[in-house]
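Here is the structure we will look at.
Numbered from 1 within each chain, the chains take letters A, B, ... in sequence-line order.
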There are 2 protein chains.
Amino acid sequence: MNITIKDIAAIAGVSYSTVSKALNNSSLVKEDTKRRIIELSKDMGYEPNFAAQRLVSKNTKVIGLIWPTIERTVLATLVTKISNEMAKTLYSMILSVDSIQKSMETFKKFQVDGIILFEENIYTEINPNTIPMISYGVSGERNSHYPIIDANHSQAMDDAIHYLYELGHREIIYIGNISPIDPLQMEKFEGFKNAMKKYGITYNNDNIINTGGLDWYHGYQAVDEVLNRKALPTAIIGGSYEISGGIIRCLKQNNVHIPGEISVISYDNIPQMAHLEIPLTCIGVSVEDLAVEIVYSAIKLIETSNVNTEIKKLTPTLVERKSCAPVKK
Amino acid sequence: MNITIKDIAAIAGVSYSTVSKALNNSSLVKEDTKRRIIELSKDMGYEPNFAAQRLVSKNTKVIGLIWPTIERTVLATLVTKISNEMAKTLYSMILSVDSIQKSMETFKKFQVDGIILFEENIYTEINPNTIPMISYGVSGERNSHYPIIDANHSQAMDDAIHYLYELGHREIIYIGNISPIDPLQMEKFEGFKNAMKKYGITYNNDNIINTGGLDWYHGYQAVDEVLNRKALPTAIIGGSYEISGGIIRCLKQNNVHIPGEISVISYDNIPQMAHLEIPLTCIGVSVEDLAVEIVYSAIKLIETSNVNTEIKKLTPTLVERKSCAPVKK
DNA sequence: TCGAATTGTAACAACGTTGTTAACTATATA
DNA sequence: TATATAGTTAACAACGTTGTTACAATTCGA
C-alpha cells in the first residue's frame, strides 16, 4: 500500500489536513511545521494519489494526442517534437493510436485537460463538447467545432515556385501523390497549379506526375519515367520527404547532377532532409514551428477555456540546402 | 457537472447504493429494479466517474506502452498491431513517447494495470517494483526484473541461410547496419556468421557489408558497391525492411533480375514486404505473432501477478514470396 | 401462527485528497 | 481585566464510487 497524508500526519503528530496544506504550501500553516512536514514526506517517499486529487476535481496537467493511423516520417517526427515541447511545460502527453471515437473515450475517462487530434488525411465531424480540443490537419472548407492548426500549403507551393522562378527555372515538374480522397495531397497539388499560373509558367500534364503513393520508390519510379523523355525539366518539386528521397536516388543513379542539371526541392520541412544523400532544400512549415504552435495553442485553449473555432494557417519557410541552383544558359 | 449514481437514485426513488449494485449487476438487487435502474441510467447518459472508481482501488483495464524513440516502420507497425490486438480484449492502450523514467511516472499516476516497454536498442536497468511490466527487446545476457519478449534472431538467420542453402546458394552476402552499440543489429550479424559457419559456407569480409545506417538508401548504396565487383553473389540478405527496399531498387535499376540472377531475402516480417516493388521473401517473427504474444503475456502477467522474469524468444517464420529462386547451374 | 430463513433495500464507512469552518492559542488593545 | 485579533492547527464535509452491515419485508417450514 502506498503511504498517504494520514500516515505522514500520524508520524508528524499533526492532523492530516495540516499535512495537506503544508504540501500545498498554504499560508495557513507555520513555516516551521511546513518545512518539517515537507521534509518528512520526502523521507517517507510520499506520492500523492492522483485519483483522489482528481476526485476533488482538479486539472490533470495531461494532454492527450490522438493519432489514428500511425505512419509517415513527418508525423512521427512531429509527435516527437510535440512531446519534447510539452516537456518544457508543466504538461505531459499521452498518446492513443485508436480510432478517434475510442481515443476520446479513453481520454475522457482519464480526464485529460485537453486533446490534440491528428487528422491530416481525414475529415471528421466531431464535437468535443466537454474537453478542450484542437486539431492538426487540413482545414479545407469545413466549419469545425474546434480550432484547427494547418499549414498554408498553397503558400508553400507558391514560395517553392517563386524560389525556382527567381533561379531561372521554367521547366518545373511536380512529383506527388495526387489522391482525390486525401485532402492534404490535393491542397499541395492545387497549390502547384495555382502558383505555376501565377508566375506565368506554362504547364501541362507532363509537368505533373502522380506517383500513386507516398513511399520513396514511388518517387524513384516517377523520375525513372521522366528521364526517358527527350526534354528534361530543370527543376523537380517532390511532394513529400519519402518521395523526394526516391527522386534524388534515381537522379544520382543516372548521373544527373543535382543541382547542376536538375534542381530539387521537397515538400515537408523536417531536419531529416539534411541527412539525405544530398541535403535537400525544402519548403513547408517546419515541424518545430508546428510543434510549438500546437502545444501552446492547446495550453492556451485549456487555460483560458474560451470556445474558439479559429483556423490558423501557419506560414511555411523555405530552408536552403544543396539541391537547387540557377539555371545554366 | 456530470451526473452521478446519486442523481439516478433520486429519480429512481431508491438509495444510491442500490443503483451502484444494479449497475454492477449484483445479485443483491431484484431483477425488476435492476432493469429499471439500468434503463434509467442509460437514458440519463450516466458515465461512471473513473477517478472515483479507481479510488476504491480497482484495476483500470488500461495498459501503458512506452516507446522512447518513435521510429522505424517495423515498430510503428508493431504498435498498430498491438493496439488492434488489445482492442479484442477488455483492455485498452495508451502510449508514451517520453523517456522511460517519465513515462513510468505518468503511467503510475494513471494507475495503469501494466506496462509494455519497447527497448529494442537499449539496455536499461529498471525495476518496475509495483506495476507489472514486460519488455519487448533484446534479451542478451542480462538478467532483468521483468519478463522479456524477444525474437530468436540467430534462429532467424539460420533459417534464412538454410533456406538459401537448400536452393543451392553458396555466395551469400549480408547487408545490414553493423553497429556495436545496437544489440539488435549485433545479434543479426552474429547470427549470420554463425549460420554461415554451420552450413559450411566460406565467407570473408566481402560477404558482409556494413551500411552504417538503417535507411533505404543505405541499402541502395551497398548494392551499388557490390555490383562493381567482378564476382556477384547469388543471394543477398537484407538486414531490415528499409534496407531491403533499397537493395531491390538498386538491383532492378541495374537490370539485375530478381530472383533470376540474385535472390533477396529480408529481415523483418511485416506485411508491407508484400507491397514493395518485388514482393519480398522475408524472415523474422511476424509482427502479428509478436503483437499477440506481447498483449497476452502482458495480460497474463497482470491477471496472475506472479513475479516472473522469464525470457521468451519467439520463433521466426519464413514467408516465401517472389524474391528467391534456385541457383542456376 | 410463530420463529427462521430468504430477499430486497437502505445506511454507512471506506478510498485519499482538498477546502471550509471551527477551535484553540498567544498577543495586543481598550 | 476583559476582549478583540491574529496566528495556528484540528475537525469535518465534500468528491463519486464500492463493499459491508443493518434493517425491513416477505416467504417458508413446522
Side-chain angles (χ1 to χ4, degrees), chain A residues 1-42 44-62 105 108-113 130, chain B residues 1-42 44-62 90 105 108-113 130-131:
Chain A
M1 215 53 216
N2 271 329
I3 67 162
T4 73
I5 50 172
K6 294 192 181 178
D7 301 330
I8 300 174
I11 295 184
V14 89
S15 89
Y16 67 86
S17 52
T18 304
V19 175
S20 170
K21 286 182 215 4
L23 294 175
N24 288 302
N25 197 24
S26 159
S27 61
L28 292 175
V29 46
K30 189 159 63 170
E31 282 302 327
D32 270 4
T33 31
K34 213 190 275 186
R35 257 198 305 279
R36 191 164 57 90
I37 291 174
I38 291 177
E39 182 99 6
L40 181 60
S41 73
K42 252 184 208 137
M44 297 177 66
Y46 167 73
E47 299 245 346
N49 181 309
F50 201 52
Q53 287 183 322
R54 230 111 38 68
L55 190 55
V56 295
S57 231
K58 279 267 285 285
N59 38 25
T60 55
K61 293 289 174 201
V62 172
E105 277 171 30
K108 201 172 278 180
K109 278 200 328 189
F110 280 125
Q111 292 176 230
V112 298
D113 290 345
T130 97
Chain B
M1 213 53 214
N2 271 329
I3 67 164
T4 74
I5 50 172
K6 294 191 181 179
D7 300 330
I8 301 174
I11 295 185
V14 89
S15 89
Y16 66 87
S17 52
T18 304
V19 175
S20 168
K21 285 180 214 9
L23 293 174
N24 288 302
N25 196 24
S26 159
S27 61
L28 292 175
V29 45
K30 189 158 62 169
E31 280 303 324
D32 271 2
T33 31
K34 213 189 275 184
R35 255 199 306 278
R36 190 165 57 90
I37 292 175
I38 292 177
E39 182 99 4
L40 180 61
S41 73
K42 250 183 208 140
M44 297 177 66
Y46 167 74
E47 298 246 347
N49 181 309
F50 200 53
Q53 287 182 321
R54 230 110 38 67
L55 189 57
V56 296
S57 231
K58 281 266 287 282
N59 37 27
T60 54
K61 292 291 174 198
V62 173
L90 293 173
E105 278 171 29
K108 202 172 278 180
K109 278 201 329 191
F110 280 126
Q111 293 176 231
V112 298
D113 289 344
T130 99
I131 306 181

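The side-chain heavy atoms of B/Asn49 and B/Thr4, taken from C-beta on, include no pair separated by under 4.5 Å.
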Under-3.5 Å N/O pairs linking protein and nucleotides 11-13 of chain D:
unit_1, atom_1, unit_2, atom_2, d
D/dA11, N7, A/Ser17, OG, 3.3
D/dA11, N6, A/Ser17, OG, 3.3

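For the OP1/OP2 pair of C/dT9 and a distance below 4.0 Å, the side-chain nitrogens and oxygens of B/Thr33 include at least one atom meeting the criterion. Dashed line: the shortest gap from a side-chain N or O of B/Ser20 to OP1 or OP2 of D/dT18 is under 4.0 Å. Side-chain N/O atoms of B/Asn2 include none lying less than 4.0 angstrom from OP1 or OP2 on D/dG16. The phosphate of C/dG16 has neither OP1 nor OP2 within less than 4.0 Å of any side-chain N or O from A/Gln53.
The interatomic distance linking B/Leu23 (CG) with D/dT17 (P) rounds to 9 Å, in whole Å. Regarding B/Leu55, its CG atom lies at a distance of 14 Å from the P atom of D/dC15, rounded to whole Å. Separating the CG atom of A/Asp7 from the C1' atom of C/dG16 is a distance of 10 Å, rounded to the nearest angstrom. When rounded to the nearest whole Å, the span between NZ of A/Lys58 and C1' of D/dA14 equals 15 Å. Rounding to whole angstrom units, CD1 of residue A/Ile37 and P of C/dT17 are separated by 14 Å. Note: OH (A/Tyr46) to C1' (C/dT18) measures 11 Å, nearest angstrom. In this structure, A/Asn59 atom CG and C/dT17 atom P are separated by 17 Å, rounded to whole Å. Atom-to-atom, CD of A/Gln111 to P of C/dT17 comes out at 16 Å; the value is rounded to the nearest Å.
The two residues A/Met44 and A/Ile3 make their nearest non-hydrogen contact at O-CD1, 3.1 Å. Here the closest non-hydrogen pair linking B/Ile38 and B/Ala22 is CD1-O, 3.8 Å. A/Thr60 approaches A/Phe110 most closely through the heavy-atom pair CG2-O, 3.8 Å.
A salt bridge links B/Glu31 with B/Lys34: the distance from a Lys NZ or Arg NE/NH1/NH2 to an Asp or Glu carboxylate oxygen falls below 4.0 Å.
Closest-nucleotide positions on DNA chain C for B/Val14 and A/Asn24 were compared, and the one nearer the 5' end corresponds to B/Val14. With the nearest nucleotide of DNA chain D identified for both A/Lys34 and A/Ala52, A/Lys34 has the one nearer the 5' end.
In this structure, A/Thr4 reaches the sugar-phosphate backbone alone: every heavy-atom distance under 4.0 Å involves primed, P, OP1 or OP2 atoms, never a base.
With rounding to the nearest 0.5 Å, the separation of NZ in A/Lys6 from OG in A/Ser15 is 10.5 Å. Rounded to the nearest 0.5 angstrom, B/Lys30 NZ and B/Thr18 OG1 are separated by 11.5 Å. Rounding to the nearest 0.5 angstrom, the gap separating the CG atom in A/Asp7 from the OH atom in A/Tyr46 is 10.0 Å. Within the model, atoms CG of B/Asn59 and CD of B/Gln53 stand 10.0 Å from one another, a figure rounded to the nearest 0.5 Å.
Non-hydrogen atoms lying under 4.0 Å from DNA chain D are contributed by nothing in residues 25-32 of chain B.
A/Val19 pairs with exactly one of A/Ile11, A/Leu40, A/Ile8 by the side-chain contact (heavy atoms from CB on, under 4.5 Å) rule, that one being A/Ile8.
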